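For reference, the structure is listed below as structure tokens.
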Amino acid sequence: MIRGKVWKFPDDVNTDYIIPGKYKFKTLDMKELAKHAMEGVDPDFAKKVEQGDIIVAGKNFGMGSSREQAPLVLKYAGVSLVIAEDFARIFYRNSFNVGLPVLICREINEKVDQGDILEADLAKGKIINVTKKTEISASPIPDFLLEMVKVGGLAAYYKKYGRFPWEKQSAESKN
């Protein structure tokens, strides 16, 4: 279960809005880059976001380049979850690769306002708007992706299990 305060963003938030290239090309230090998270849409976001907060967005969140830094910088900024009407495919996949959970919820924008408190059950695809006392349905996250998030992303998963989530466990590794 994830609980956090909502930060709302519009449709078509691209990766340059999430982390402007002018910073990304100067450093790979994620703590430094996190100081500029979402600067292209809300210049003060990184100063205001708190650990555990949730981003809610419209359609096509994370469009643009395939930079893994975009979801990673959100994670380092303290964002615990991104819920959007839909995501750019590469951002969606990169999010799980770096251990940032994302939920698809087509009706999220009409049911949530900036500052609302949400609780999300990722496995069930159930979102509770604590502020408004309403329940919203989202697409549940498959177990293998939840496990990737739990251990910290794809590389951490491989280090822990010696295989990728989609590979079958060998007979000798079961013993």
Side-chain angles (χ1 to χ4, degrees), residues 1-106 108-109 111-122 127 129-131 136 138-139 141 145-146 148-157:
M1 187 70 79
I2 292 176
R3 181 184 174 105
K5 180 178 65 180
V6 168
W7 294 91
K8 272 188 90 168
F9 292 97
D11 292 346
D12 301 320
V13 171
N14 68 42
T15 54
D16 284 323
Y17 291 157
I18 297 168
I19 182 59
K22 67 183 178 180
Y23 302 112
K24 184 209 150 283
F25 299 118
K26 291 179 183 175
T27 183
L28 293 177
D29 179 351
M30 284 300 135
K31 289 180 183 174
E32 186 61 34
L33 289 173
K35 295 175 184 175
H36 303 285
M38 301 303 290
E39 192 172 289
V41 185
D42 179 351
D44 296 321
F45 174 79
K47 294 175 191 147
K48 300 181 293 187
V49 68
E50 295 178 6
Q51 192 67 38
D53 283 354
I54 297 170
I55 287 179
V56 167
K59 298 176 181 123
N60 207 22
F61 188 84
M63 64 181 264
S65 71
S66 60
R67 292 187 218 151
E68 272 191 356
Q69 290 93 343
L72 194 55
V73 82
L74 294 178
K75 186 176 173 181
Y76 271 81
V79 173
S80 64
L81 172 65
V82 180
I83 307 169
E85 292 180 30
D86 62 47
F87 292 88
R89 187 188 65 78
I90 193 72
F91 181 90
Y92 183 85
R93 187 61 203 182
N94 280 341
S95 294
F96 288 106
N97 285 348
V98 301
L100 176 69
V102 294
L103 279 175
I104 297 170
C105 180
R106 305 273 184 222
I108 194 68
N109 275 306
K111 306 243 177 164
V112 172
D113 291 314
Q114 175 92 2
D116 285 355
I117 302 298
L118 300 183
E119 289 181 352
D121 183 325
L122 306 177
I127 302 165
N129 186 326
V130 176
T131 306
I136 310 159
S139 299
I141 297 175
L145 290 176
L146 285 174
M148 274 178 49
V149 166
K150 181 180 169 187
V151 299
L154 185 60
Y157 186 99

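Being a predicted model, the structure only gives us computed values, none of them experimental. Basis for what follows: all heavy atoms, side chains included, without hydrogens, waters or symmetry-related copies.
Atoms CG and CG, from D116 and N129 in turn, are 4.0 Å apart once rounded to the nearest 0.5 Å. Of the inter-residue distances, the one linking K111 atom NZ with I83 atom CD1 reads 13.5 Å to the nearest 0.5 angstrom. Taken from NZ in K48 to CH2 in W7, the straight-line distance is 4.5 Å, to the nearest 0.5 Å. Between L122 atom CG and L103 atom CG the span is 5.0 Å, to the nearest 0.5 Å. Summarising the geometry, atom CG belonging to L72 is positioned 12.0 Å from atom CD1 belonging to I18; distances are rounded to the nearest 0.5 Å. Atom CG of residue L118 and atom CG of residue L81 lie 8.0 Å apart, to the nearest 0.5 angstrom.
Nearest heavy atom pair, residue I54 against residue G4, reads CD1-N, 3.7 Å. Minimum interatomic distance between D11 and G58 (heavy atoms only, all atoms of both residues): OD1-CA, 3.1 Å. Pairing each heavy atom of P101 with each of S80, the nearest pair is CG-O, 3.2 Å. Taking each heavy atom of V149 and G99 in turn, the nearest pair found is CG1-O, 3.7 Å. Taking all atoms of both residues into account, the shortest heavy-atom contact from I127 to I108 is CD1-CD1, 4.2 Å. The minimum heavy-atom distance between Y17 and D12, with the atom names listed, is CE1-O, 4.1 Å.
Side chain of K35 to backbone of A46: no donor-acceptor contact under 3.5 angstrom is found. In this structure, the side chain of N97 does not engage the main chain of E68 through any donor-acceptor pair within 3.5 Å. Of the possible donor and acceptor atoms, one in the side chain of T131 sits under 3.5 Å from a partner among the backbone N and O of I117. At least one donor-acceptor pair under 3.5 Å links the side chain of K75 to the backbone N or O of V98. The backbone N or O of D86 sits nowhere less than 3.5 Å from a side-chain atom of N60 that would complete a donor-acceptor pair.
With a 6.0 Å radius and a threshold of 12 heavy atoms from other residues, nucleotides or ligands, K59 has its NZ atom at or below the threshold.
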- Message: Applying side-chain contact (heavy atoms from CB on, under 4.5 Å) to T15 and I90, what does each step give before you reach the verdict?
- Response: CA-CA 11 Å; T15 54; I90 193 72; over 6 Å; no
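Considering only heavy atoms from C-beta on, Q114 stays 4.5 Å or farther from K5 through its side chain. Looking at K8 and D42, their side chains never come closer than 4.5 Å, going by heavy atoms from C-beta outward. Between V82 and S95, every side-chain heavy-atom pair lies at or beyond the 4.5 Å cut-off. Between Y76 and L33 the shortest side-chain heavy-atom distance does not fall below 4.5 Å. By the 4.5 Å heavy-atom criterion applied to side chains, F96 and L154 are not counted as neighbours. Residues V79 and M38 form no side-chain contact, since every pair of their non-hydrogen atoms from C-beta on lies 4.5 Å or further apart.
Residues that satisfy the side-chain contact (heavy atoms from CB on, under 4.5 Å) test with Q51, not counting sequence neighbours, are absent from this structure.
In this structure, F91 has its ring center closer than 6.0 angstrom to the ring center of F61.
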